[in-house]
**Student:** 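Here it is, the structure in full.
From a predicted model like this one, the values you see are computed outputs, not experimental measurements. Keep in mind that the numbers below use all heavy atoms, side chains included, and drop hydrogens, waters and symmetry copies. Naming convention: chains lettered A, B, ... in sequence-line order (proteins, then strands); numbering from 1 in each chain.
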Amino acid sequence: MLRVGQHVDISAYEAVISLCVGTGDWRAALKAFERYLEGVRSAGALPPLATFRTLVRGLQKAGQVDAAAAILHIALRGASSSSSSGAAAPSLPVADEQLCSVVLDLCAETGRMTLAETIVDAMHDRGVPAGNVTHCILVKGYGRQRRAHRVDAALRGMRRARVAPDVVTLNAAVDAYVRCGELRRAEQVVRAMEASVLSSSGGGGDSGAVAPNTRTYNTLIKGLGKAGRLDEAFATLEAMAVSGCEADSVTANSLIDACVRCGQLDRAYALLLRSFSVVSGGSSSSSSSIDVSSSGSSSSGGGASRGSIGSSGSSSGSGSSSSGGGLSFAGGAVPSVHAFTAVLSGFADAGDMARALTVLELMERSGVTANLVTYTALLGACVKAGALPEARRLFEGLRAKGQRDPALRPNTITYNTLIVGLCRLAEREEADMRQEWGGEGGVQDRADRDIMAPVCALPSGIQEALKLLLDMKHNGVAASETTINSILDGVVSLTPPRMAEAEAIRQLMTQLGLIPNSVTYSIMIKGYGRVGNLEAARAAFGALLRDPRACPDVVALNSYLDACVRCGDLPAALSTLDAAAQNLAVGSSAAAASSSTSASSGGAGSAGSSAASNNASNSTGSSSAAGSSGASTGSSSGGAGSSGGVDAAVLAAALDVRPNTVSYTTVVLGLARSANVYAGRKAMALYYEMRARGVPPDAVLVDVLLRACCNARARAGALSPQDGRRILADLRALGWDEAVLAEKAEMLSAVVPAISEVWKEGEEGGGGADEQQRQAAREPTASSMLFDKYGWNRIESRFKLF
DNA sequence: CTAGGGTTAG
């Protein structure tokens with residue numbers, strides 16, 4: 001139907017293009033545009049801006065970032081006036097900021113910020129002004145990538161360009177910082193906005209005051225909820241009142257969501273109950289009675305408190321029972337379907353199917369209609385609870401409803417949710433099978449496993465997931481990166497991981513026009529780590545670092561650290577962590593912090609960097625094939641260095657990731673399990689380094705460390721209860737709960753004093769140490785380097801598979 | 001530019 005003739009009138013192209021865009025056929029639109037270009041190019045001209053706009057909008061709708069960027073660049077390059085007259089007047093770009101920002105926003109939403117940067121550069125070169133919208137999109141994009149320092153840089157760049165931020169941009173900044181977990185920064189922006197109003201109203205001048213609005217505060221509430229600061233989230237209502245911002249239903253939803261995030265599900269539920277004074281048949285709802293502890297008292301407060309949204313008692317002292325407080329929502333600030341969905345998925349996460357269903361019921365009684373998101377959350381609840389038959393039934397029900405109401409047709413995320421469930425089912429399936437095999441007359445040895453190996457072909461859950469992928473295609477639902485990643489994670493989480501299948505599925509991704517992202521790489525790294533193939537894990541990590549389309553995140557880093565640890569290459573883990581930790585050196589104390597930590601970390605630091613530089617010389621480009629095509633890491637790439645990990649140069653240049661608590665925990669765990677004499681000291685050094693760099697310890701890390709302190713054998717350098725007590729003292733300084741600390745202290749004191757304790761007497765004072773210990777303390781680097789190289793205890797990879 | 005659903009790390 002779209003056969004475009006060679007000699008069509010120019011204006012016909014425009015009609016064809018907008019027709020194609022209207023029907024969503026972006027390929028045809030592109031093709032028509034190409035012809036159009038050919039037609040006008042001989043005259044040294046370009047299609048008008050309006051045509052570019054139509055086409056780019058179409059590509060935006062279809063999520064075709066690269067095509068949109070290519071088209072934009074044509075517009076930016078402008079008409080090439082190299083026609084008959086040779087070098088003519090400089091061409092003018094057929095692009096304005098608005099057109100650029102459409103593509104930029106697409107980049108921001110798809111995580112393609114490198115591409116966005118090239119566009120911004122091109123805008124600059126072609127003299128297209130970058131105003132608030134452009135800068136705002138950059139802030140948004142980096143925020144979605146959770147790259148706080150890039151957000152900083154974008155805001156600085158804006159100031160340098162002398163563009164005064166407006167509310168929209170500042171709200172974007174607040175949101176970006178919230179997404180990065182940089183709540184302090186977010187608060188700073190909000191406080192600055194508030195202050196700007198005060199100072200300008202005082203001075204009377206029209207200085208760049210930007211007043212916060214409802215969205216500003218709603219975003220802040222979201223952040224406070226994410227940070228677990230529930231009381232402050234509620235207290236924000238007062239700040240809003242002061243600023244003259246009216247709470248709206250988003251405010252109400254955000255507060256309820258904050259309750260959910262902070263684990264106060266009952267409180268969240270109570271707030272829903274009160275906001276909708278459910279007048280229906282009273283006790284007729286008893287079938288779904290929910291034992292929310294405050295439900296009894298809510299009947300008394302229910303009717304009276306429909307006045308305003310103001311909080312009268314945000315005490316909330318002991319968790320859920322005092323939950324509702326005197327707070328309720330009214331007027332335009334009534335929670336909506338979003339709040340119900342948030343509470344529903346809260347119960348879903350807790351694995352509480354029954355209560356999730358109760359929320360659905362309350363919702364219906366309240367006259368709020370569930371949407372696809374709600375049903376998807378319910379589907380997630382089924383999956384979480386392991387109720388696969390129910391999940392399938394719900395899914396089919398949605399399919400049926402979708403016939404009548406297109407809004408309820410399963411979308412990509414709905415499919416993904418079910419796919420995840422099926423993959424989890426597959427794991428269980430295999431676990432059951434292993435149990436069966438393990439029994440009497442089951443699999444006893446390797447030969448037996450060989451016999452059973454064919455049964456290990458992909459379990460039916462995975463097969464069903466793949467069938468759903470096909471189903472998506474037939475129903476015109478686009479698979480996303482997440483779809484494939486979910487299946488990938490499914491095969492990689494099996495025991496043993498099926499790496500051959502994983503590679504095949506990863507290829508599928510490319511075939512579907514999807515771009516492997518950091519999650520994809522992380523999954524592959526995890527899989528190779530689990531099968532004990534460190535070379536392949538390393539190649540995948542290296543490929544991620546040099547893949548211009550992917551943005552490495554901390555999870556990828558942690559996956560790689562875990563792979564190193566699992567495969568027994570602790571030096572590589574240490575050097576990689578060390579390289580990443582350079583990104584933590586911020587602020588004025590950076591130099592002092594880094595020098596003091598490298599001194600205190602002794603062997604760890606120096607061994608690490610030497611391993612890294614070692615590697616730089618011999619493995620440059622060894623895994624180059626994976627460069628742009630993603631993690632095609634096969635098992636072929638063997639030539640990587642023997643220790644140390646990825647090229648130091650690549651690491652330094654591309655590892656724009658700050659290690660977090662998990663990163664340190666992963667390595668500390670490896671050290672704690674190591675039999676190396678210095679591992680214990682390194683673990684402690686790492687703990688202090690982490691603290692010095694502002695990474696907070698968490699319960700898991702402390703647990704790992706303290707357990708190691710208890711298990712320590714009597715040996716110089718091993719962790720001891722004494723080390724444990726130091727950690728506890730440090731945690732006390734951090735303000736950890738005394739009861740928790742006391743419990744841990746007791747655990748430590750229950751340890752039978754080892755000989756190492758005796759050695760440690762007066763260690764701080766310097767005297768009386770064993771000769772061996774003294775030597776270790778004085779020259780840890782040289783000897784531990786050797787140990788790093790040869791002496792580490794290889795952690796046996798338990799899943800050497802069949 | 002703001003609220004709800006899915007995927008990754010110990």
**Student:** Has the side chain of Asp698(A) got a donor or acceptor atom sitting under 3.5 Å from an opposite partner on the base of dG10(B)?
**Tutor:**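 Side chain to base: pair found, below 3.5 Å.
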**Student:** In terms of side-chain heavy atoms of Leu372(A), which of dG5(B), dA3(B), dA9(B) is nearest?
**Tutor:**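 Of all the options, the side chain of Leu372(A) is nearest to dG5(B).
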**Student:** If you look at every strand shown and take non-hydrogen atoms under 4.0 Å, does Thr666(A) touch a base, only sugar-phosphate, or nothing?
**Tutor:** sugar-phosphate
**Student:** Using modelled atom types only, decide if a donor and an acceptor are shared between the side chain of Asn213(A) and the backbone of Cys245(A) within a distance under 3.5 Å.
**Tutor:**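 It does not hold such a pair.
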**Student:** Report the residues that fulfil side-chain hydrogen bond (donor to acceptor under 3.5 Å, both in side chains) with Thr520(A), sequence neighbours left out, ordered by chain and then residue number.
**Tutor:**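 Listed in chain order: Asn485(A), Asn517(A).
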**Student:** Should Ser663(A) and Thr666(A) be marked as a side chain to side chain donor-acceptor pair (under 3.5 Å) after you check the CA-CA gap, both sets of side-chain angles, and the distance that decides it?
**Tutor:** CA-CA 5 Å; Ser663(A) 319; Thr666(A) 305; over 6 Å; no
**Student:** Where along residues 218-226 of chain A does a heavy atom come under 4.0 Å from DNA chain B, residue by residue in number order?
**Tutor:** Asn218(A), Thr219(A), Lys222(A)
**Student:** Looking at the side chain of Val250(A), which of dA3(B), dA9(B), dT8(B) is the nearest nucleotide?
**Tutor:**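 Nearest nucleotide to the side chain: dA3(B).
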**Student:** Partners of Asp257(A) by side chain to side chain contact (heavy atoms under 4.5 Å, CB included), sequence neighbours excluded?
**Tutor:**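 For Asp257(A), the residues satisfying side chain to side chain contact (heavy atoms under 4.5 Å, CB included) (neighbours in sequence not counted) are Arg261(A), Ala342(A).
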**Student:** Quick one: label Asp105(A) by what it contacts on the DNA or RNA (base, sugar-phosphate, nothing), any heavy atom closer than 4.0 Å.
**Tutor:**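 Sugar-phosphate contact only - Asp105(A) comes under 4.0 Å of backbone atoms but never of a base.
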**Student:** Identify whether any heavy atom of Asn660(A) sits under 4.0 Å from a base atom; if not, whether one sits that close to sugar-phosphate; answer base, sugar-phosphate or nothing.
**Tutor:** base
**Student:** Mind checking salt bridge (Lys or Arg N to Asp or Glu O under 4.0 Å) for Glu464(A) and listing every partner two or more places apart, or none if nothing turns up?
**Tutor:**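 With neighbours one apart ignored, the set is Arg392(A).
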**Student:** Which one, dA9(B), dG5(B), dA3(B), comes nearest to the side chain of Asp175(A)?
**Tutor:**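 The closest nucleotide is dA3(B).
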**Student:** List in chain and number order the residues that pass side chain to side chain contact (heavy atoms under 4.5 Å, CB included) with Val477(A), two or more places apart in sequence or in another chain; answer none if no residue qualifies.
**Tutor:**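 Side chain to side chain contact (heavy atoms under 4.5 Å, CB included) list for Val477(A), sorted by chain: Thr412(A), Tyr415(A), Met472(A), Asn475(A).
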**Student:** Nearest to the side chain of Asp257(A) - dA9(B), dG4(B), dT7(B)?
**Tutor:** dG4(B)
**Student:** With sequence neighbours left out, write down each residue that passes side-chain hydrogen bond (donor to acceptor under 3.5 Å, both in side chains) with Gln98(A), or none if nothing qualifies.
**Tutor:**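 With neighbours one apart ignored, the set is empty.
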**Student:** Taking atom types as they are modelled, would you say the side chain of Thr482(A) forms a donor-acceptor pair with the base of dG6(B) within the 3.5 Å cutoff?
**Tutor:** yes
**Student:** Can you pull out the residues from residues 411-418 of chain A that lie within a 4.0 Å heavy-atom distance of DNA chain B?
**Tutor:**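 Per residue number, the list reads Asn411(A), Ile413(A), Asn416(A), Thr417(A).
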**Student:** Sequence neighbours left out, what passes side chain to side chain contact (heavy atoms under 4.5 Å, CB included) with Ala381(A)? Give chain and number order.
**Tutor:**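 Scan of Ala381(A) (side chain to side chain contact (heavy atoms under 4.5 Å, CB included), adjacent residues dropped) gives Ala348(A), Met353(A), Ala356(A).
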**Student:** Contact class for Val700(A) vs. all strands (heavy atom < 4.0 Å): base, sugar-phosphate, or nothing?
**Tutor:** base
**Student:** Considering only side-chain heavy atoms of Ala172(A), which listed nucleotide, dC1(B), dG10(B), dT8(B), is closest?
**Tutor:** dC1(B)
**Student:** If you only use heavy atoms from C-beta on, which nucleotide in dG10(B), dT7(B), dG5(B) is closest to the side chain of Arg424(A)?
**Tutor:** dT7(B)
**Student:** Checking contacts here: which listed nucleotide (dC1(B), dT7(B), dG5(B)) is nearest the side-chain heavy atoms of Cys136(A)?
**Tutor:**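 Minimum distance to the Cys136(A) side chain belongs to dC1(B).
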**Student:** Checking contacts here: which listed nucleotide (dG6(B), dG4(B), dT8(B)) is nearest the side-chain heavy atoms of Ser480(A)?
**Tutor:** dG6(B)
**Student:** How would you list, by chain and number, every residue that makes a salt bridge (Lys or Arg N to Asp or Glu O under 4.0 Å) with Glu194(A), sequence neighbours excluded?
**Tutor:** Arg191(A)
